[in-house]
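Report on the structure given below.
Indexing begins at 1, ligand by ligand and atom by atom, following the structure's order. Please read these numbers as outputs of a predicted model, since none were measured by experiment.
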Amino acid sequence: MALQAAALLPSALSVHKEGKSNASLKDTVFFGASLSDHLKFDSNPTARTKMEFSQGKLSIGPIRAQTAVTTPSMNQAAQEGKKTLRKGNVLITGASSGLGLATAKALAETGKWHVIMGCRNFLKAEKAAKAVGIAKENYTVMHLDLASLDSVRQFVDNFRRSGKPLDVVVCNAAVYLPTAKEPTFTAEGFELSVGTNHLGHFLLSRLLLDDLKQSDYPSRRLIIVGSITGNTNTLAGNVPPKANLGDLRGLAGGLNGINSSSMIDGGEFDGAKAYKDSKVCNMLTMQEFHRRYHEETGIAFASLYPGCIATTGLFREHIPLFRLLFPPFQKYITKGYVSEEEAGKRLAQVVSDPSLTKSGVYWSWNKDSASFENQLSQEASNADKARKVWEISEKLVGLA
Ligand code: LMG
Ligand code: NDP
Ligand code: PMR
């Protein structure tokens, strides 16, 4: 059994494997992370995670994975004796490029995961999966356009009809519109960056929470990708325009640019700020999920900053000069750069590593590529704001 459990550990995801040599305290602080934060371990895990930690790497978690069966509704007790191994099923939104694709590849390669690629462009996703060599049996592309709440609901229906259990959800997709002069809008009329990055994912993850609850997988997780640029306690987060949700008046007004501002704080449209604001919403949502549901469900809720992946499609709307200079700037000046492959391994750790089960955490990696619990900015960790964003968002997406 121990050997089987070891086999479940994705060896490619070892924390220290991709260690970079020239780490310095200065680099790390510049990067918005202090070495003293490195690998702070969970001092107060739930009973569930305690078991996983207390037994170290070959933990209860992976061993219980051996007992899983294909029916999500059957409980653990009913499974005693039926040691059927199944793969974990992980949904990754926006898996057709960049971080999402690299994560899908890293997980699929372990042989322990079936990746559901939730993508707006079906053909692009199929081609991307093939191009990076993900084996056919390890992925399924399903249509999901986060800029349409109907599409989100349709996706959830389709997924349920597939009969697959759902074990981990990764809210990864995003758009960044730094050069837009005027706002554009989702199908329901929300400003596109916040509408896609936050509201689409908010509805998706609220609906899929039920599916995660029904999963018998040992370590169920809901992960929402955050970013350093939404955190004003870092240098990167202080590059203007800075994230600021203000008193949420624009969000409360529906972000439609007609009878309310298209910006959360009620200000003038600024695409770069809208993106950073959306990332703050992502990080706040993760914490509110944790407060509301972790104890009751045992599901781990987490966010992360995977590093600056300066080569992805995220910057497709930026001016060509920026796209040319940004990667060398991040590589040689800030040293915040990571490759898509490395970032994919980091996110894959948050999906499946037995040592990253703690809930309510914003993960980051230091220069040696070791994970640690990072601090969020004041705004991105404000519990009152998290509750308000949650309550307004549920009204906007039709859940309240
Ligand atoms: C807004 O501008 C835009 O208005 C908005 O549309 C959106 O894009 C938003 O956050 C995104 O930014 C904000 C403004 C920040 O941005 C700038 O004007 C910064 C300049 C462009 C930055 C591009 C990054 C890539 C670039 C490169 C630079 C250099 C060189 C590189 C090369 C390679 C080498 C091998 O405005 C400010 O933050 C104001 C302060 C700006 C000055 C920053 C000074 C900080 C110093 C840090 C190091 C910078 C580099 C120095 C160069 C050294 C050369 C060797
Ligand atoms: P990419 O542009 O490569 O990936 C974004 C993905 O989101 C694409 O697959 C895109 O689909 C998808 N997407 C966009 N809009 C929608 C939509 N309406 N419905 C469904 N999918 C959609 O960027 P990255 O890989 O860099 O970004 C991934 C995540 O990482 C984002 O959450 C971003 O905020 C975060 N991040 C990125 C950093 C970086 O430095 N790049 C740093 C910190 C965080 P399509 O392929 O069809 O365009
Ligand atoms: Mg930033 C410590 C350094 C650091 C890091 C880790 C990032 C990450 N950036 C840093 C510093 C700086 N940036 C500095 C000093 C500047 C001024 C020259 C700068 C500028 C800058 C711009 C114009 N940076 C940017 C932009 C973008 O358009 C990107 C952005 O804000 O997207 C929202 C961006 C980013 N810098 C980062 C990261 C990770 C990004 C992009 C991705 C993201 O947050 O999702």
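- The closest approach between any non-hydrogen atom of Gly226 and ligand 2 is below 4.0 Å.
- Contacts between Lys279 and ligand 3 below 4.0 angstrom, taking non-hydrogen atoms only, are absent altogether.
- Residue Gly307 places a heavy atom less than 4.0 Å from ligand 2.
- Between Glu341 and Lys105 there is no salt bridge, since no side-chain nitrogen of the basic residue lies less than 4.0 Å from a carboxylate oxygen of the acidic one.
- Per-residue contacts place Ser227 under 4.0 angstrom from the following atoms of ligand 2 (heavy atoms of the residue considered): 43 (C), 44 (C).
- Taking atom 19 (N) of ligand 2 as the reference point, the nearest protein heavy-atom neighbour is Leu146 N, 2.9 Å.
- Here the shortest heavy-atom distance to atom 31 (C) of ligand 2, taken over Thr196, Thr93, Ile92, Asn172, belongs to Asn172.
- Rounding to the nearest 0.5 angstrom, the gap separating the CZ atom in Phe159 from the CG atom in Leu207 is 13.0 Å.
- Between His198 and Phe202, the ring-plane angle classifies as tilted under the 30° and 60° cut-offs.
- Under the 30°/60° scheme for interplanar angles, the aromatic rings of Tyr275 and Tyr176 are found to be tilted.
- Rounding to the nearest 0.5 Å gives a distance of 5.5 Å between CG of Leu208 and CG of Leu166.
- Remark: Arg86 engages Asp216 in a salt bridge, criterion side-chain N to carboxylate O under 4.0 Å.
- Cys308 counts as a contact of ligand 2, since one of its heavy atoms falls under 4.0 Å from the ligand.
- Of the listed residues (Leu314, Thr312, Val338, Thr334), the one carrying the non-hydrogen atom nearest atom 3 (C) of ligand 3 is Thr334.
- Shown in contact with Phe322 at under 4.0 Å from a heavy atom are these atoms of ligand 3, numbered in order with element: 22 (C), 23 (C), 26 (C), 27 (C), 28 (O).
- The shortest N/O to N/O separation between Lys279 and ligand 2 falls below 3.5 Å.
- Per-residue contacts place Phe329 under 4.0 angstrom from the following atoms of ligand 3 (heavy atoms of the residue considered): 12 (C), 13 (N), 14 (C), 15 (C), 16 (C), 18 (C), 19 (C).
- For ligand 2, the polar-atom distance check against Gly118 finds no nitrogen or oxygen pair separated by under 3.5 Å.
- Here atom 5 (C) of ligand 2 lies nearest to Ala174 when heavy atoms of Gly230, Gly98, Ala174, Gly336 are compared.
- When each atom of ligand 3 is checked for a heavy atom of Ser227 under 4.0 Å away, the hits are 43 (C), 44 (O), 45 (O).
- Considering CG of Leu212 and OG1 of Thr297, their distance stands at 8.5 Å, rounded to 0.5 Å.
- Ring pair Trp390/Phe289 is perpendicular by interplanar angle, where above 60° counts as perpendicular and below 30° as parallel.
- For the atom pair CD1 (Ile264) and CD (Glu191), the distance works out to 8.5 Å, reported to the nearest 0.5 Å.
- Looking at every heavy atom in both residues, Asn197 comes nearest to Asn282 through O-ND2, 3.0 Å.
- In terms of N/O distances under 3.5 Å, ligand 3 is not approached by Tyr305.
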field: Verdict with supporting geometry, Trp365 and Glu342, side chain to side chain donor-acceptor pair (under 3.5 Å)
entry: CA-CA 11 Å; Trp365 285 259; Glu342 170 61 13; over 6 Å; no
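- Closest protein heavy atom to atom 1 (P) of ligand 2: Ser97 OG, 3.4 Å.
- Using the six-membered ring where Trp is involved, Phe326 and Phe322 have ring planes that are parallel, under 30° apart on the 30 and 60° scheme.
- Of all the atoms in ligand 2, the ones that sit under 4.0 Å from a non-hydrogen atom of Leu144 are 19 (N), 20 (C).
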- Task: Please assess Tyr305 against Asn231 for the test side-chain contact (heavy atoms from CB on, under 4.5 Å), listing each intermediate value before the final yes or no.
- Result: CA-CA 10 Å; Tyr305 168 59; Asn231 278 295; over 6 Å; no
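- Residue Ala147 has at least one heavy-atom neighbour below 4.0 Å for each of these atoms of ligand 2: 18 (N).
- At a 4.0 Å cut-off, at least one heavy atom of Phe315 sits close enough to ligand 2 to count as contact.
- Within the listing of ligand 2, atoms 42 (C), 43 (C) sit less than 4.0 angstrom from a heavy atom of Tyr305.
- Near His318, meaning under 4.0 Å from any of its heavy atoms, are these atoms of ligand 3: 28 (O).
- Among all protein heavy atoms, the one lying closest to atom 9 (O) of ligand 2 is Ser96 OG, 2.8 Å.
- The Tyr275 neighbourhood of ligand 2 comprises atoms 33 (C), 34 (O), 36 (N), with distances under 4.0 Å to a heavy atom of that residue.
- With respect to the salt-bridge test (charged N to carboxylate O, under 4.0 angstrom), the residues Asp150 and Arg153 do not qualify.
- Rounding to the nearest 0.5 angstrom, the gap separating the CG atom in Leu251 from the CG atom in Leu199 is 6.5 Å.
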request  = Before giving the answer on side chain to side chain donor-acceptor pair (under 3.5 Å), spell out for Ser369 and Arg346 the whole-Å C-alpha distance, their side-chain angles and the decisive distance to 0.1 Å.
outcome  = CA-CA 8 Å; Ser369 244; Arg346 291 177 176 185; 2.8 Å; yes
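- The shortest heavy-atom distance from Ile309 to ligand 3 is not under 4.0 Å.
- Set against the non-hydrogen atoms of Ala173, the atoms of ligand 2 under 4.0 Å away are 7 (O), 12 (C), 13 (N), 21 (N), 22 (C), 32 (O).
- Nearest-heavy-atom check against atom 10 (C) of ligand 2 across Glu340, Met117, Lys276, Arg120 picks out Arg120.
- One option in Asp145, Val338, Ile309 has a heavy atom closer to atom 38 (C) of ligand 2 than any other, and that option is Ile309.
- Residue Val175 has at least one heavy-atom neighbour below 4.0 Å for each of these atoms of ligand 2: 14 (C), 15 (N).
- Of the protein's non-hydrogen atoms, Leu314 CD1, 4.2 Å is the one closest to atom 27 (O) of ligand 2.
- Looking from atom 2 (O) of ligand 2 to the surrounding protein, the closest heavy atom is Arg316 NH2, 2.9 Å.
- Considering only non-hydrogen atoms, atom 42 (C) of ligand 3 lies nearest to Phe315 out of Tyr176, Phe315, Phe326, Tyr337.
- The salt bridge (charged side-chain N to carboxylate O under 4.0 Å, His left out) test with Asp265 is passed by exactly one of Lys276, Lys242, Lys385, Lys273: Lys273.
- The N/O atoms of Gly94, backbone and side chain alike, include one that comes under 3.5 Å of an N/O atom in ligand 2.
- Protein heavy atom closest to atom 35 (C) of ligand 2, with residue, atom name and distance, is Val225 CG1, 3.5 Å.
- Nearest non-hydrogen protein atom to atom 26 (O) of ligand 2 is Thr312 OG1, 2.6 Å.
- Under the 4.0 Å criterion applied to side-chain N and carboxylate O atoms, Glu288 and Arg291 are assigned as salt-bridge partners.
- Set against the non-hydrogen atoms of Lys124, the atoms of ligand 2 under 4.0 Å away are 45 (P), 46 (O), 48 (O).
- Among all non-hydrogen protein atoms, the one lying nearest atom 25 (O) of ligand 2 is Leu99 N, 2.8 Å.
- Between atom CG of residue Asn89 and atom CG of residue Leu91 there is a gap of 10.0 Å, rounded to the nearest 0.5 Å.
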